[in-house]
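Heads up, the thing below is written out as structure tokens.
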Amino acid sequence: MGFQKKTGKGRLDKWYKLAKEKGYRARAAFKLVQLNKKYGFLEKSKVLLDLCAAPGSWCQVAAEAMPKNSLIVGVDLSPIKAIPGVITFQSDITTDKCRATIRQHLKTWKADTVLHDGAPNVGTAWVQDSFNQAELALQSMKLATEFLVEGGTFVTKVFRSKDYNSLLWVFNQLFTKVEATKPPSSRNVSAEIFVVCRGFKAPKKIDPKFLDPKSVFAELAEPAPNNEAKVYNPEVKKRKRGGYEEGDYTQYKELRASEFIQTIDPIAILGSYNKLSFDQPANGDVALAALDKMPETTGEIRTCCNDLKVLGRKEFKMLLRWRLKVREKFGFPTKKTTDAKAAAEAAAAEATEEAEVESMDEELKIQAELQALKDKDSTKKKREKRKENEKKQREIVRMQLNMMAPMDIGMEEAGPRGQDAMFALKPIDKLEATNKIVKGKMAVISDADARKDRDSGIGSSGETDDESDEEEDRLERELDGLYDQYREKKADRDAKYRAKKARQEHDDGEWEGVSGDEAASSGDDMEFDQDSSDDSDDEDAAPSKRLVTDLDNTPTEAGGLSKRAKGFFNQDIFKDIPGILDEPEAEVASESDADMADDHKQGKPAPAEKKTPTKKTKGKPVEPAEQSSASEGEDEDAAGFEVVKNHEPEDDWEDKDKRLPDGRLDIDIITAEAMTLAHNLATGQVTKHDVMDDGFNKRAFMDRDGLPDWFIEDESKHDRPQKPITKAAAAAIKEKLRAYNARPIKKVREAKARKKFKEGQRLEKLKKKSALLADGEGMTEKEKAESIAKLMSKAKSKKPKDKVKVVVAKGVNRGVQGRPKGVKGRYKIVDARMKKEMRAMKRIAKRK
Ligand SMILES: C[S@@+](CC[C@H](N)C(=O)[O-])C[C@H]1O[C@@H](n2cnc3c(N)ncnc32)[C@H](O)[C@@H]1O
């Protein structure tokens, strides 16, 4: 690879600067630093071979990290400037001469590590550019197999290409552990990745095919396209790097709806087309015209056909059902009709061959088939169980990492055997069958309910058993499987989706059939069996008990928060926000406590008796005042236990200044990001969960020791996700800042306040004087009125301001600091020039 100019803007990135700072010859050095940090192979190596080493930054890193007196040999097509403690030479690693030279340098030693960071030097001195990077990597591995010690490490750069998997396969044959990784210093735009192969197996004989590019990179037959996957993964489009397919030059594909009805692979069409059209072609399409007029072709179907790329699972199912119905009407063979035909043929054959006895072979065959089916079924079940366990395991880990509250897992209610266990209580609760069970009656679940219940599930069909046919079932099963895969993939990728899914799964309110007033009357008393009117009295008398109860017996207040919500708001973070939890306990908390808190806020000392710790007497209810005093400091109860209060809001020095007079936290939102987040949290678009999730990323715990500040600062701009900002939030913050800026500065505000205060005082004085005058004796009413008017006018007339004396800073006043001698009152020192300028300005103003 010819060295690219380091003058391009993109190349002078932080790693480049850091390399300069640390004295490395190339920014590539950090790739090895980061790889070594992850796998730690350099410290364990005594002999290292660096293939394609120029300009030598990897050799520099190796020399630093490896033990003293290690043997490091570097080779490259380009010359490498000498590095202390490193042997370098110029050669082509694909040649025998290079191999021989390496052997000479290594003597009898074997390399603990072989590095390869080569990239073909296309179009420069190296004319032999037929080798592509993958082939170069294979060549380097060939050398590695010759010089590596058993258990040694081979690190190579590879590019993501069609040969990547073949290379990886070969590496896997020769090493016990093979991992591909992209160090942070490798540019995102670069397709390069590094494969670290550890534990060289050192086989005595290696099949030459493993090392021959022709056989390793031989073209494999294209796998059959997975059209089904396209239906649910439309966004995961494989790019055609080779360009458009032959004869297909459009991204947008449209198909006549009649063709969709006729096709035998409807899923392929749904996965690859954009629209099913009902527009008549120039030469006319009778089937399409008929289809257009059919009652089955509803408005909804037409809308769905209009843009297939935006459809979801439900809509795809709807289109498939529509196709089947129409096919039946058109008389096209469906699975149902073919089965019926086959059955009729079989019956006819049976009739003619009644005498024929089934052979033993046939029986065995059937048995084997049955066995195979059973096996398949059991493996499927096992797989599902394993998946379920893995999911639970993941959730437990998340919980241990404090990323999820136990109530989110849904284990308690489902029980240890899971949701499907025979004695799973939650579903019974949901169906409100408890009432019936309590009364000794079997709750009858109506067909409609059952169907509704099924419909809400993943595998719903939306049709009765009679209507469904096997073809449809098969398609649905396929779709369901694909949808599950899609959801899992999405859940893996998208934290928000995961949180949403978890909410949906454990949402108590997933039962949809409660009308507003029913819910208001009482969720527990809901009538299940409509006919049994006589039961209603009993129900009123004794409200049914839920099978799954909380251990906490605190009753849920009507119209209040659910226990789950209470649990959530009971967290410390909400404890000081009024209006969220108006719990009775809060009222129980003694008034004296509140008083004390108030007093403390106002700086008043707490009453002495409140500070005196009192002993609690066993069995005697503690008075609120006593409680407060107990919570004031440490206490000892009769049993000798030390009672330590939970928290001391009055001593909360951290919070003290951050509160408003009403006790609320004084949170000033000053950034648009914070405003967006606050809005999203308040409207429920974002959950606490998401916020916590977003707080973690792969660089959250990155080691920043020893890195320069400018580098860390630069990194911090990019090592966390950018917080979204909405237009509204940005506008709100702008407005807020505008309001701040429009406010007068503190000095001016204070001056204004002083003025107001003085005016108030003057007014007060005036009032008193007027009152005295009014009450005074020996004056006529007219005189009184005149005196008061005089007072008023005197108060109104402003005291003339002292004139400012202008003192020219010359003579004795030159360079004087502070008040010039012999000057009383207000003054202003000016220099001669200033005076002249002022005069000139006045002159000009006059002329105007
Ligand atoms: C990315 S540079 C290596 C940088 C090096 N790891 C460092 O840290 O300085 C790739 C090198 O591969 C070398 N190269 C490419 N083909 C080669 C070959 N057949 N034999 C030897 N070196 C080769 C190029 O000359 C180039 O110097």
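One-based numbering, in listed order, for ligands and for the atoms of each.
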Interfacing atoms of ligand 1 (cut-off 4.0 Å, heavy-atom, Asp92): 18 (C), 19 (N), 20 (N)
Ser57: numbered ligand 1 atoms lying under 4.0 Å from its heavy atoms: 7 (C), 8 (O), 9 (O)
Whether Lys157 lies under 4.0 Å from ligand 1, heavy atom: yes
Shortest heavy-atom approach to atom 14 (N) of ligand 1 - which of Ala54, Ala28, Cys52: Cys52
Residues, nucleotides or ligands: over 12 heavy atoms within 6.0 Å of Glu713 CD: no
More than 12 heavy atoms from other groups under 6.0 Å of NZ on Lys142: no
Sub-4.0 Å heavy-atom approach of Ala29 to ligand 1: no
Pro55: numbered ligand 1 atoms lying under 4.0 Å from its heavy atoms: 9 (O)
Check: Gln34/Trp15 side-chain N/O donor and acceptor closer than 3.5 Å: no
For Leu136, the ligand 1 atoms whose distance to one of its heavy atoms is below 4.0 Å: 16 (N), 19 (N)
Minimal non-hydrogen separation, Leu211 against Val216, with atom names: N-CG2, 4.4 Å
Distance, nearest 0.5 Å, that separates OG1 of Thr156 from CG of Leu136: 8.0 Å
Heteroatom distance test (Gly118, ligand 1): nitrogen or oxygen, under 3.5 angstrom: no
Neighbour count above 12 (heavy atom, 6.0 Å) for Glu390 CD: yes
Close approach, Ser91 and ligand 1, non-hydrogen under 4.0 angstrom: yes
Interatomic spacing from CG in Leu138 to CG in Asp163 - rounded to 0.5 Å: 9.5 Å
Enumerated ligand 1 atoms positioned under 4.0 Å from heavy atoms of Ser78: 25 (O)
Contacting atoms of ligand 1, where contact means under 4.0 angstrom from a heavy atom of Ala53: 5 (C), 7 (C), 9 (O)
Under 4.0 Å to a heavy atom of Asp117 - the qualifying atoms of ligand 1, by number: 1 (C), 2 (S), 3 (C), 4 (C), 5 (C), 6 (N), 10 (C)
Ligand 1 N/O within reach of Asp50 N/O, cut-off under 3.5 Å: no
Distance, nearest 0.5 Å, that separates CD1 of Ile206 from OG1 of Thr145: 4.5 Å
Pair Gln139, Thr94: side-chain N/O donor-acceptor within cut-off below 3.5 Å: no
